[in-house]
Amino acid sequence: MQVKKAVIPAAGLGTRFLPATKALAKEMLPIVDIPTLQYQIKEAVDAGIEEVILIISDAKKDIIEHFKRNEAYENYLISNGKQKEAEAIKQIATMAKISYVYQHEMKGLGHAILCCKEAVGNEPFVIILGDDLIINAHGDNVSKQMIDIYNIYHNSIIGCQNVALENVNKYGIMSLKAPMENRIALLKDMVEKPDIDKAPSRLACLGRYLLTPEIFDILKDAKPGKGGEIQLTDAIKVLAKRQDVIVYDFIGRRYDVGDKYGYVEATIDFALKRDDMKEKVLNHLKEILLK
Ligand code: UTP
């Protein structure tokens, strides 16, 4: 079965980014001038996804506003000679078929995914975490890479990369059935945010999943795990006992833009890649370094 749907969970509270996220969705914080979520949706579209399901909360209406067409504003921009800007805001609303699912209580990522059961139906789907930005400047984006692997093996896939040992306690960490071959291995077990001395590896789950619909039956019966939340990690562990789950070491640079430092990193790197900003930003950085 083809992978046609992507789910983007964006209902979390974003406590790591307070106070900015008191009334603003962290997924809407811009990297220079494009909200993170817009990059995520573009990733899905570029990977061939036909429908994007956004998980939001009642507090995140700014997301709906951003992706809704606003013809009055487009016309205003056109009548003021700003065709390029008009086209840019039109494109936001027309680039994908977007539907919304509400998560009314923040009970964790596993619970957020369960909220999409009806919207996804009985098909495989990609999950793109709303605050993990992954850029592959030299080829297919990470969602496309994972869909290509799915089309060969038809198993669930967890996107991962090695992280520094001091950071393993921030992620779901995996152990493998056998060493990686061609960036692929089978998942043996997974532990959510392990203590540094208890981590089975440095292989961390970094914000991309491609799951078969069996995950919903597992999530339905899932009990709260670490932090009192329903953890997607716990459900994936159960899935791996029932069927093969692939761990894929994806190609791309990942930014945790839900973290203040990751956000600054992404902002600098993205600005340095833009022709209209590169020189000025570089000069500014040089000035700072020479002080
Ligand atoms: P995070 O754990 O990074 O989001 O979840 P959070 O809870 O907002 O983070 P902090 O620690 O309080 O800053 C990863 C993604 O899953 C979504 C978040 O919006 C984020 O994009 N999420 C998380 C949900 O949609 N619902 C939840 O209950 C939890």
Side-chain angles (χ1 to χ4, degrees), residues 6-31 35-44 52-64 66-67 98-117 119-120 125-134 142-143 158-160 163 167-173 190-194 204-209 211 215-216 219-220 222-236 254-266:
V7 168
I8 308 185
L13 294 172
T15 53
R16 284 174 295 153
F17 226 117
L18 284 168
T21 47
K22 179 169 174 274
L24 191 77
K26 69 170 166 181
E27 297 81 6
M28 288 302 294
L29 292 171
I31 308 301
T36 307
L37 204 46
Q38 199 175 316
Y39 283 108
Q40 317 287 39
I41 293 176
K42 182 157 188 321
E43 175 182 318
V52 176
I53 300 160
L54 285 182
I55 307 174
I56 59 167
S57 69
D58 293 314
K60 299 217 175 178
K61 297 269 163 52
D62 48 342
I63 292 179
I64 299 178
H66 184 75
F67 292 101
I98 301 175
S99 57
Y100 295 91
V101 164
Y102 282 85
Q103 185 191 21
H104 294 290
E105 284 175 284
M106 269 60 271
K107 291 194 204 160
L109 182 58
H111 177 257
I113 299 302
L114 183 59
C115 293
C116 297
K117 187 176 185 305
V120 171
F125 63 106
V126 173
I127 302 176
I128 299 176
L129 288 197
D131 55 2
D132 273 308
L133 200 51
I134 301 172
V142 57
S143 289
I158 316 296
C160 79
V163 295
N167 288 329
V168 290
N169 55 3
K170 294 184 189 156
Y171 304 101
I173 299 294
M190 218 169 152
V191 41
E192 184 63 26
K193 302 189 173 81
C205 228
L206 293 181
R208 296 296 180 278
Y209 309 80
L211 298 176
I215 199 75
F216 292 118
L219 283 169
K220 195 162 50 64
K223 302 270 172 304
K226 194 142 189 166
E229 296 189 332
I230 295 180
Q231 299 285 353
L232 184 60
T233 305
D234 291 340
I236 291 172
R254 177 251 180 190
Y255 299 90
D256 178 5
V257 292
D259 167 80
K260 289 172 196 175
Y261 174 68
Y263 180 79
V264 172
E265 263 187 324

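We count ligands from 1, going down the list as the structure has it; atoms in each ligand are counted the same way.
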Aromatic rings Phe125 and Phe216: how do their planes relate, parallel, tilted or perpendicular, breaks at 30° and 60°?
parallel
Shortest protein contact, atom 5 (O) of ligand 1 (heavy atom only)
Asp131 OD2, 4.5 Å
Which residue and atom name correspond to the protein heavy atom nearest atom 1 (P) of ligand 1, and how close is it?
Lys26 NZ, 3.9 Å
Is it the case that the side chain of Lys26 and the backbone of Thr15 share a donor-acceptor pair, with hydrogens and angles ignored and the cut-off at 3.5 Å?
no
Identify, by atom number and element, the atoms of ligand 1 in contact range of Gln103, meaning under 4.0 Å from any of its heavy atoms.
24 (C), 25 (O), 26 (N), 27 (C), 28 (O)
His66 vs Gln38, test: side chain to side chain donor-acceptor pair (under 3.5 Å). Steps then yes/no.
CA-CA 9 Å; His66 184 75; Gln38 199 175 316; 2.8 Å; yes
Would you name the heavy atoms of Cys205 and Met190 that are closest together and state the gap between them?
SG-CE, 3.3 Å
Atoms in ligand 1 with a heavy atom of Leu109 nearer than 4.0 Å:
16 (O), 29 (C)
Heavy-atom pair with the smallest gap, counting every atom of Gln40 and Leu129
NE2-O, 2.8 Å
Starting from atom 21 (O) of ligand 1, locate the nearest protein heavy atom and write down its residue, its atom name and how far away it is, to 0.1 Å.
Pro9 O, 2.9 Å
Find all atoms of ligand 1 within a distance of less than 4.0 Å from any non-hydrogen atom belonging to Thr15, and give their numbers and elements.
10 (P), 11 (O), 12 (O), 13 (O)
Ile55-ligand 1 polar pair, N/O distance under 3.5 Å:
no
Is there a polar contact between ligand 1 and Phe17, counting only N or O atoms under 3.5 Å apart?
no
Quick check on contacts: which atoms of ligand 1 are under 4.0 angstrom from a heavy atom of Lys107?
28 (O)
Under 3.5 Å: N/O of Leu129 near N/O of ligand 1:
no
If the cut-off is 4.0 Å to any non-hydrogen atom of Gly12, which atoms of ligand 1 fall inside it?
8 (O), 17 (C), 18 (C), 19 (O), 22 (N), 23 (C), 24 (C), 25 (O), 26 (N)
Exercise: identify the closest heavy-atom pair between Met106 and Gln103:
CE-O, 3.1 Å
Return the closest protein heavy atom for atom 28 (O) of ligand 1 as residue, atom name and distance.
Gly108 N, 2.9 Å
Within the 4.0 Å heavy-atom shell around Ala112, which atoms of ligand 1 are there?
24 (C), 25 (O), 26 (N)
Do Ile41 and Phe67 have side chains that get closer than 4.5 Å, going by heavy atoms?
yes
Would a 4.0 Å cut-off, counted as strictly less than, catch a protein heavy atom around atom 11 (O) of ligand 1?
yes
Gly258 N/O under 3.5 Å from ligand 1 N/O:
no
I'd like to know whether Lys170 forms a salt bridge (Lys or Arg N to Asp or Glu O under 4.0 Å) with Asp259, so could you lay out the CA-CA distance, the side-chain angles of the two residues, the decisive distance to 0.1 Å, and finally the verdict.
CA-CA 11 Å; Lys170 294 184 189 156; Asp259 167 80; 5.7 Å; no
In terms of heavy-atom contacts, Ile128 and Ile8 come closest through O-CG2, 3.2 Å
For Tyr255, is there any backbone N or O sitting under 3.5 Å from a side-chain donor or acceptor partner on Tyr263?
no
Could you tell me whether a side-chain N or O of Lys60 sits under 3.5 Å from a main-chain N or O of Gly12, the two making a donor and an acceptor?
yes
For Glu27, the ligand 1 atoms with a heavy-atom partner under 4.0 Å come out as 18 (C), 19 (O), 20 (C), 21 (O)
Atom 2 (O) of ligand 1 - nearest protein heavy atom and its distance:
Arg16 NH2, 4.8 Å
Distance filter under 4.0 Å to Gly130 heavy atoms, resulting ligand 1 atoms:
21 (O)
Proximity flag Gly14 to ligand 1, non-hydrogen atoms under 4.0 Å:
yes
Among protein heavy atoms, which sits nearest to atom 25 (O) of ligand 1, and what does the distance come to when rounded to 0.1 Å?
Ala11 N, 2.9 Å
side-chain contact (heavy atoms from CB on, under 4.5 Å) assessment of Glu192 paired with Leu109
CA-CA 12 Å; Glu192 184 63 26; Leu109 182 58; over 6 Å; no
